[in-house]
Novice: 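First, the structure itself, so that you have it in front of you.
One-based numbering, in listed order, for ligands and for the atoms of each. What you see below is based on every heavy atom in this structure, not just the backbone, and it leaves out hydrogens, waters and symmetry mates.
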Amino acid sequence: MKIAIMGAMQEEITPLLEFFGKYETIEFGKNKYYVTTYKGLELVIAYSKIGKVNASLTASTLIEKFGATKLLFSGVAGAVNPSLKIGDLIVATKLAQHDLDITAFGHPHGFVPEGSVFVETDSTLMALAQKVALDKKIVLQKGIIATGDQFICDEQKKEWIEKTFNADALEMEGASVAVVCDALGVPFFVLRAISDAADMDAGFSFDEFLNSSAKVSASFIIAMLDEIAHD
Ligand code: ADE
């Protein structure tokens, strides 16, 4: 079993690389992939750079070139559900692309022919995450994550995403990773810690909380690896 751990930004994987300490760095496709082992698990770690195209390339590379058989995404998100506060963890039950729009042809937002609005995450990884949360007494909210190539810092846009997709959080990579993993038959999981409320202060909040929230998410991923290695 080879496990991919993916983030979008350097800050999202730095806590993992610091924790593992030793790794081999392999360059491919204008990106770096970090290969290591942890408690007998083979790991490949990478950040994609922001956005759906970069995330799709990295997820595909992790699977097709590095042979990952599971993919765990770790990072930060903007809160849509007001119950989610800075640093809170959310794991996606399913994800949709909020900026995918061929409604001109009568399709719902987020839908393209032969696709689906939502892609569901792996139930075994979800169950594992819930066990870890329970054991460690960590509050882990489950919910819908909406993805698009836009940093959302606008109440109206946020409300539209909430209404249209029933979303709890939003970010810029998850749904594209979901499409890739689903197509290639690789179980995946998307974990995010809240960095902002996708409102007019989101830019400031993101800058302030990116590092701390990324660490919260990365620590949970490490706890999941402990559990996987233990099984
Ligand atoms: N990731 C974290 N916060 C975000 C926001 N407000 N919009 C898009 N992606 C994000």
Side-chain angles (χ1 to χ4, degrees), residues 5-16 45-59 71-101 109-110 117-119 121 139-180 188-221:
I5 310 173
M6 181 177 162
M9 301 175 70
Q10 173 84 64
E11 291 85 346
E12 290 172 326
I13 67 158
T14 293
L16 294 162
I45 303 163
Y47 75 92
S48 57
K49 302 189 284 282
I50 292 167
K52 293 192 296 176
V53 173
N54 286 325
S56 302
L57 173 63
T58 300
L71 189 149
L72 310 178
F73 193 102
S74 178
V76 303
V80 176
N81 186 328
S83 73
L84 285 167
K85 306 295 181 207
I86 302 293
D88 286 355
L89 282 168
I90 175 164
V91 59
T93 50
K94 54 184 183 176
L95 303 99
Q97 298 178 63
H98 67 70
D99 57 351
L100 187 53
D101 182 353
H109 284 280
V117 174
F118 292 102
V119 180
T121 50
V139 178
L140 176 67
Q141 188 157 324
K142 288 196 291 184
I144 296 173
I145 292 184
T147 301
D149 282 327
Q150 299 156 359
F151 184 83
I152 306 295
C153 48
D154 177 274
E155 283 289 351
Q156 274 179 348
K157 182 82 198 183
K158 176 170 81 163
E159 275 167 28
W160 179 85
I161 292 169
E162 200 275 323
K163 264 204 322 258
T164 311
F165 298 96
N166 200 20
D168 295 289
L170 52 83
E171 35 83 315
M172 302 179 69
E173 296 82 20
S176 59
V177 172
V179 169
V180 168
F188 74 98
F189 160 93
V190 178
L191 180 73
R192 298 277 188 171
I194 300 301
S195 58
D196 60 85
D199 56 8
M200 61 187 276
D201 297 325
F204 301 106
S205 180
F206 181 88
D207 280 345
E208 189 174 350
F209 297 109
L210 167 62
N211 283 309
S212 57
S213 293
K215 270 187 203 149
V216 171
S217 182
S219 298
F220 194 90
I221 293 286

Novice: Do S217 and L191 come close enough that some side-chain heavy atom pair is under 4.5 Å?
Specialist: yes
Novice: Write out the residue and atom name of the closest protein heavy atom to atom 3 (N) of ligand 1, then the distance separating them to 0.1 Å.
Specialist: D196 OD2, 2.6 Å
Novice: Just so I know, are the side chains of F165 and V117 near enough to count as touching, which here means a heavy-atom distance under 4.5 Å?
Specialist: yes
Novice: Using a 4.0 Å cutoff against the non-hydrogen atoms of S195, which atoms of ligand 1 qualify?
Specialist: 2 (C), 3 (N)
Novice: Which atoms from ligand 1 have a heavy atom of L170 less than 4.0 Å away?
Specialist: 5 (C), 6 (N), 7 (N), 8 (C), 10 (C)
Novice: Side chain to side chain contact (heavy atoms under 4.5 Å, CB included) between W160 and H109: does it pass, once the steps are laid out?
Specialist: CA-CA 11 Å; W160 179 85; H109 284 280; 3.5 Å; yes
Novice: For ligand 1, is there an atom lying under 4.0 Å from some heavy atom of R192?
Specialist: no
Novice: Report yes if some N/O of F151 lies less than 3.5 Å from some N/O of ligand 1; otherwise report no.
Specialist: no
Novice: To the nearest 0.1 Å, how far is atom 8 (C) of ligand 1 from its closest protein heavy atom, and which atom is that?
Specialist: Q150 O, 3.4 Å
Novice: Heavy atoms only: give me the nearest S74-A218 pair and the separation to one decimal.
Specialist: OG-N, 3.5 Å
Novice: What pair of heavy atoms forms the shortest contact from D99 to Q150, and how long is it?
Specialist: CB-NE2, 4.2 Å
Novice: Can you list the ligand 1 atoms lying under 4.0 Å from a non-hydrogen atom of A198?
Specialist: 6 (N)
Novice: Assess C153 for proximity to ligand 1: is some non-hydrogen atom of it under 4.0 Å away?
Specialist: no
Novice: Between L89 and A193, what is the shortest heavy-atom contact and its length?
Specialist: CD2-CB, 3.9 Å
Novice: For the 3.5 Å polar cut-off, considering only N or O atoms, please tell me whether I152 and ligand 1 meet it.
Specialist: yes
Novice: Taking all non-hydrogen atoms of both residues into account, name the closest pair between L84 and D168 and its distance.
Specialist: CD1-O, 3.4 Å
Novice: Can you sort out which atoms of ligand 1 are near E171, meaning under 4.0 Å from one of its heavy atoms?
Specialist: 9 (N), 10 (C)
